[in-house]
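This report concerns only the one structure given below.
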Amino acid sequence: MKGKMAKKFAFKNLKAHRILYIPFILSSGIMLLLFNIMASLSANEYVRTRHETLPMIINIGIVITGILTFIFFIYSTNFLTKRRNKEFALYGIMGLEKKHIRKIITIEMIIAFFIIAIFALVGGYIFGKLTFLALNKLMKDVAGRIMDYPFSIKAMIETIILLVVAFLASLISTSFKIYTQTPIELLSNQKSGEGEPKSRGFIMILGFILLAAGYFIALTTQGMLTSLLYFFIAALITMLATYLLFMSFSVIYLKRQKKKKSYYKKERFLGVSGLLYRIKSNAISLASISIISVGVIIAVSASLSIYDRIEYSASNVIPREYNLDSKENINKENLEEAIKNLEDKVYKTVPSKENIKNEFVSYRMMAPVEEKENKITSFKGGEKTQQYFVLVYDLEGYNKRVRGDYTLEDDEVLLTANQKFMLKKDKLQIGDKTFKIKIVDNFIPSNLAVESYGIVVKDISTMEYISKELKIYDKKEEKYKDATINLEANWDIDGIDREEYNANLRKFSEEN
């Protein structure tokens, strides 16, 4: 058969089977569109530079969406092939060789997949811009503009690769069925219903084991950075378990219903018996729908949780409306003078001191550390060494920050952490000193995506001791140096226009 005739057959078939092809193209195009949007967001330079951990989460979503899209393509093309068995049988009876039938099918699939590619790339770019703006609004990032979302060549290539792989897999699967069956078998398959599915006990047991393993990993993983990787593994294992259980456990459960007397009642007999036969061919689609539904629920609930925590996160990072840091290194000798200088700078930003409310000045330090049992030391590095961060604040500033009245002895500290498992201790050793601890609510900035301790010490002397023990490596000088102690001022305003004050504050910051 010449190519011209094959094309004519292909176009006529697409027109004749438009009732099947239009839903296939739309549904497949939407799945690939979602993949393209996620790939574009992952490759977007603005997202990668402004949101440090978000690309990692999106990459996990890309893999999961890609797997679901591939499975959806295979299932959809198998469904189309089965509905057209009679047509393929008639081609064979009319004298067409199987290679000619394959040529027609190949041209049909090329046209259909080309339309899907255009739909996914154009739709992905248009709806990707909307997703980009919605994401920035959700993250309270007002700087993001529509110009910051250019067309991504990398995302286009990844989308086309996924489409080509799905196309080849679908073509091979369809060609295999045509080559291994005679026209008579194709006709009988079109007319015959589904046979009773077999019970697959081993697959069911494997599915439950994988499901338990996925939930075990998800529930027992601790840590912020490592949890993302383990969550990804747990998600893949749970997806596989879902497919296995839908194909095996659902069949076994329905067959066990036959042993019950209630099975033969008219209210249940037709429904259960019919479902048993339909589950054989629909198990994969039902599992896919289940996984996608759970994914939507997780995405919506996670988005609402993140949105609900934005105000808390902002107050956690900046406890007052305004904040000013001092670049001066602080010690016991210059502390009082540095506090006075910083307070004077704050008062210069307003017409009158009465406009400043809820102000406080505190000193703090930060250092990377490693931990062994209850002892914290300077971070030396190493392949198997877990890195933590320690943020140390003074007691007076902390009490003003949380409006508390905590007191400490020389051998006591207040302790918190951004992971609960890190607080399972009753003492903390730094250098030669062992401190008794009092656990307080988490005050570590929520934008610090690393396991971190927050420590509140009694005075500057204790903080200076800690800064000498928890030294930081200086790459320029190639030696360890004491952690620096800095001041910060936090305050609210009252009685003046905020927009005008913000403009004056930006001007003041540039001049100073």
Side-chain angles (χ1 to χ4, degrees), residues 1-36 39 66 68-127 151 153 155-191 281 284-285:
M1 179 184 287
K2 294 183 179 180
K4 189 175 181 180
M5 185 177 292
K7 289 179 184 177
K8 189 175 180 180
F9 267 102
F11 279 105
K12 286 185 68 176
N13 289 339
L14 287 172
K15 185 177 180 180
H17 297 290
R18 59 185 178 274
I19 296 177
L20 293 176
Y21 270 106
I22 290 175
F24 168 71
I25 290 172
L26 287 176
S27 57
S28 301
I30 290 171
M31 290 291 292
L32 202 64
L33 180 148
L34 295 174
F35 177 86
N36 179 259
L68 288 173
T69 302
F70 179 79
I71 294 172
F72 185 83
F73 269 114
I74 300 299
Y75 175 80
S76 299
T77 50
N78 286 341
F79 175 79
L80 283 174
T81 302
K82 186 176 179 181
R83 294 293 297 268
R84 298 179 63 190
N85 278 339
K86 183 178 179 180
E87 178 187 341
F88 298 147
L90 290 174
Y91 283 150
I93 294 170
M94 291 168 60
L96 286 179
E97 297 180 19
K98 291 184 177 180
K99 64 180 181 180
H100 298 150
I101 299 174
R102 187 187 66 179
K103 184 183 288 188
I104 295 171
I105 293 172
T106 302
I107 295 173
E108 288 180 22
M109 293 181 67
I110 288 174
I111 296 170
F113 276 69
F114 179 77
I115 296 172
I116 291 170
I118 298 299
F119 181 87
L121 293 175
V122 175
Y125 180 61
I126 295 172
F127 288 100
F151 184 80
I153 301 297
M156 181 188 73
I157 293 172
E158 291 174 354
T159 304
I160 292 174
I161 289 174
L162 176 61
L163 187 63
V164 169
V165 172
F167 167 77
L168 292 175
S170 301
L171 183 61
I172 291 170
S173 174
T174 304
S175 300
F176 178 78
K177 290 179 180 179
I178 292 172
Y179 270 89
T180 55
Q181 292 180 322
T182 64
I184 302 300
E185 290 174 334
L186 290 171
L187 280 173
S188 62
N189 288 340
Q190 178 78 18
K191 293 181 179 180
S281 60
I284 293 178
S285 62

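Nothing here was measured: the structure is a model prediction, and the numbers come from that model. Residue numbers run from 1 in the order of the sequence given.
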Nearest non-hydrogen partners of A166 and F113, listed with the distance: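 Minimum heavy-atom separation between A166 and F113: C-CE2, 4.2 Å.
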Taking every non-hydrogen atom, the tightest pair across L162 and G66: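 In terms of heavy atoms, the two residues are closest at CD1-O, 4.0 Å.
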N78 (side chain) donor-acceptor with I74 (main chain) under 3.5 angstrom: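 Answer holds: yes.
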Any donor-acceptor pair under 3.5 Å from S173 side chain to A169 backbone: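 Here the side-chain-to-backbone pair does not exist.
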Enclosure of F119 CZ (heavy-atom neighbours >12, cutoff 6.0 Å):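 Counting neighbours around CZ of F119, more than 12 heavy atoms of other residues, nucleotides or ligands fall under 6.0 Å, so yes.
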Over 12 non-hydrogen atoms of neighbours within 6.0 angstrom of CZ in F151: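 Buried by this count: over 12 neighbours within 6.0 Å.
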Audit row: Y125, N36, side chain to side chain contact (heavy atoms under 4.5 Å, CB included) steps and yes/no: CA-CA 8 Å; Y125 180 61; N36 179 259; 5.5 Å; no
Side-chain donor-acceptor contacts of residues 22-30 below 3.5 Å, not counting sequence neighbours, with atom names and distances?
from, atom 1, to, atom 2, distance (Å)
S27, OG, P23, O, 2.7
S27, OG, F24, O, 3.2
S28, OG, F24, O, 2.8

Residue pairs involving residues 108-124 (criterion side chain to side chain donor-acceptor pair (under 3.5 Å); sequence neighbours excluded):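 Residue pairs passing side chain to side chain donor-acceptor pair (under 3.5 Å), neighbours aside: N13-E108, Y21-E108, R84-E108.
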F167 and L171: CA distance, side-chain angles, deciding distance, side chain to side chain contact (heavy atoms under 4.5 Å, CB included) verdict: CA-CA 6 Å; F167 167 77; L171 183 61; 4.1 Å; yes
Looking at [atom1] of [X] and [atom2] of [Y], how far apart are the two atoms once the value is rounded to the nearest 0.5 Å?
X    : Y    : atom1 : atom2 : value
K8   : I104 : NZ    : CD1   : 12.0 Å
T106 : I111 : OG1   : CD1   : 11.0 Å
I115 : L14  : CD1   : CG    : 7.0 Å
K12  : K15  : NZ    : NZ    : 9.5 Å
F35  : T159 : CZ    : OG1   : 5.5 Å
M31  : I116 : CE    : CD1   : 11.5 Å

